[in-house]
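Each chain gets a letter, A, B and so on, in the order the sequences are listed, and its residues count up from 1.
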Protein chains: 2
Amino acid sequence: MGVPLYQTKAEFFRTLGHPARIRILELLAERDHAVHELLEQIAIEPSNLSQQLAVLRRTSLVVSRREGVAVVYSISVPEVRDLLLSARRILVGLAETRSDFEDELMVPDRR
Amino acid sequence: MGVPLYQTKAEFFRTLGHPARIRILELLAERDHAVHELLEQIAIEPSNLSQQLAVLRRTSLVVSRREGVAVVYSISVPEVRDLLLSARRILVGLAETRSDFEDELMVPDRR
DNA sequence: TCACGACATGAAAACTTCTTCAATTCATGT
DNA sequence: ACATGAATTGAAGAAGTTTTCATGTCGTGA
């Protein structure tokens with residue numbers, strides 16, 4: 001029944017596939033933030049930020065609560081931290097592979 | 001210098017954000033596969049599969065080699081396995097949260 | 001050399017997602 | 001009651017991605 005898991009996974013990764021949403025999650029991984037605090041850190045228009053927060057809310061990756069005049073967001077799935085770390089490791093690995101390759105190109109041809 | 005890390009991360013996740021590409025990576029995580037073998041498992045047109053493989057090649061997540069008449073693909077970054085597992089855990093967690101919530105709705109209101 | 005099967009490529013059409021703008025909501029202070 | 005600051009929403013156009021189709025390449029075997 002229901003949607004195949006690989007489809008759900010793809011949707012999940014697509015949710016993470018936007019620079020603003022990554023930044024939001026990284027900031028929320030540190031600590032809860034009000035929207036205006038996020039706005040200070042991320043250089044986008046308020047309504048764009050709201051749209052991106054809405055995407056994250058829809059997938060239940062974050063939740064919001066009102067605190068007086070401000071709306072505060074927090075990560076609802078702590079494991080996302082591991083995922084972001086995991087991704088960073090992979091990217092660093094890939095970057096190294098590429099620069100090794102570039103180094104090779106730098107070395108005078110010995111064949 | 002260069003592209004900010006959160007941008008690179010977003011691109012990386014976007015690469016994973018497609019059902020066919022997830023399936024490809026899952027199959028390759030098991031063992032190397034020739035294109036025609038992938039084609040048996042994944043219900044898409046050959047040229048579409050090729051396009052998706054090209055996306056994965058561009059980001060260096062997979063590499064291909066020719067073996068006689070076939071082209072064989074393999075995962076070039078083993079850590080991707082962990083990432084896929086990590087994602088599954090998160091998704092299972094989210095699914096549970098939601099069905100807990102549905103359960104709550106099922107329980108007669110006691111307030 | 002020719003034909004064939006296995007893949008890859010380029011380009012156009014179809015589809016999604018992003019960004020932006022104007023309008024709206026909702027709490028708070030006056 | 002009204003004005004204000006904080007955030008959200010809906011809608012439209014711009015930008016990006018996916019799918020498909022026709023064509024091209026590369027080995028292998030006849």
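- Taking side-chain N and O atoms only, B:Y73 has a distance below 4.0 Å to OP1 or OP2 of C:dA8.
- Counting atom types as modelled, B:Q51 pairs a side-chain N or O with a base atom of D:dT20 as donor and acceptor under 3.5 Å.
- In this structure, CG in B:L83 is found 11.0 Å from CG in A:L85, a value given to the nearest 0.5 Å.
- When the P atom of C:dC15 is taken as reference, atom CG of B:N48 falls 15 Å away, rounded to whole Å.
- For the pair A:E11 CD and C:dT16 P, the interatomic distance rounds to 12 Å; values are reported in whole Å.
- Regarding contacts with the backbone of C:dC7, a side-chain N or O of B:H36 is found under 4.0 angstrom from either OP1 or OP2.
- Checked for salt-bridge contact, B:E37 and B:R31 meet the test: a charged N lies under 4.0 Å from a carboxylate O.
- For the OP1/OP2 pair of D:dT17 and a distance below 4.0 Å, the side-chain nitrogens and oxygens of B:Q52 include no atom meeting the criterion.
- Rounded to the nearest 0.5 Å, atoms CG (A:L61) and CG (A:L53) are 11.5 Å apart.
- One finds no side-chain N or O of A:R21 lying less than 4.0 angstrom from the OP1 or OP2 phosphate oxygen of C:dT17.
- Interatomic distance, B:H18 NE2 to B:Q51 CD, rounded to the nearest 0.5 Å: 10.5 Å.
- The side chain of B:A34 sits closest to C:dC7 out of D:dT20, C:dA8, C:dC7.
- Listed candidates were D:dA7, D:dA11, D:dT20. Nearest to the side chain of A:V35 is D:dA7.
- Judged by atom type and distance alone, B:E67 does not reach the base of D:dG27 through any side-chain donor-acceptor pair under 3.5 Å.
- With a 3.5 Å ceiling on both atom-pair distances, the Watson-Crick or G-U wobble partner of C:dT30 is D:dA1.
- If you measure from atom NE2 of A:H18 to atom P of D:dG16, you get 11 Å, rounded to the nearest angstrom.
- With hydrogens and angles disregarded, no donor-acceptor distance shorter than 3.5 Å links the side chain of B:R88 to the backbone of A:L5.
- The separation between B:L49 atom CG and C:dA8 atom P is 8 Å, rounded to whole Å.
- Summary of the strand contacts: A:R14 and A:G68 both lie near DNA chain C, and taking for each the nucleotide with the nearest heavy atom, the more 5' one is attributed to A:R14.
- Residue side chain B:S50 does not reach the base of C:dC7 through any donor-acceptor N/O pair under 3.5 Å, judged by distance alone.
- To the nearest angstrom, C1' of D:dT8 lies 14 Å from CD1 of A:I44.
- As a whole-Å value, the separation of B:L53 CG from C:dA8 P is 6 Å.
- The base of C:dC7 is not paired with the side chain of B:S47 by any donor and acceptor separated by under 3.5 Å.
- With respect to B:R89 and A:D82, no salt bridge is recorded, no charged nitrogen being found less than 4.0 Å from a carboxylate O.
- Across the protein-nucleic acid pair, A:E45 atom CD and C:dC18 atom C1' stand 12 Å apart, rounded to whole Å.
- Each of A:R66 and A:A54 has a nearest nucleotide on DNA chain D; the 5'-most of these lies closest to A:R66.
- The interatomic distance linking B:R65 (CZ) with C:dA6 (C1') rounds to 16 Å, in whole Å.
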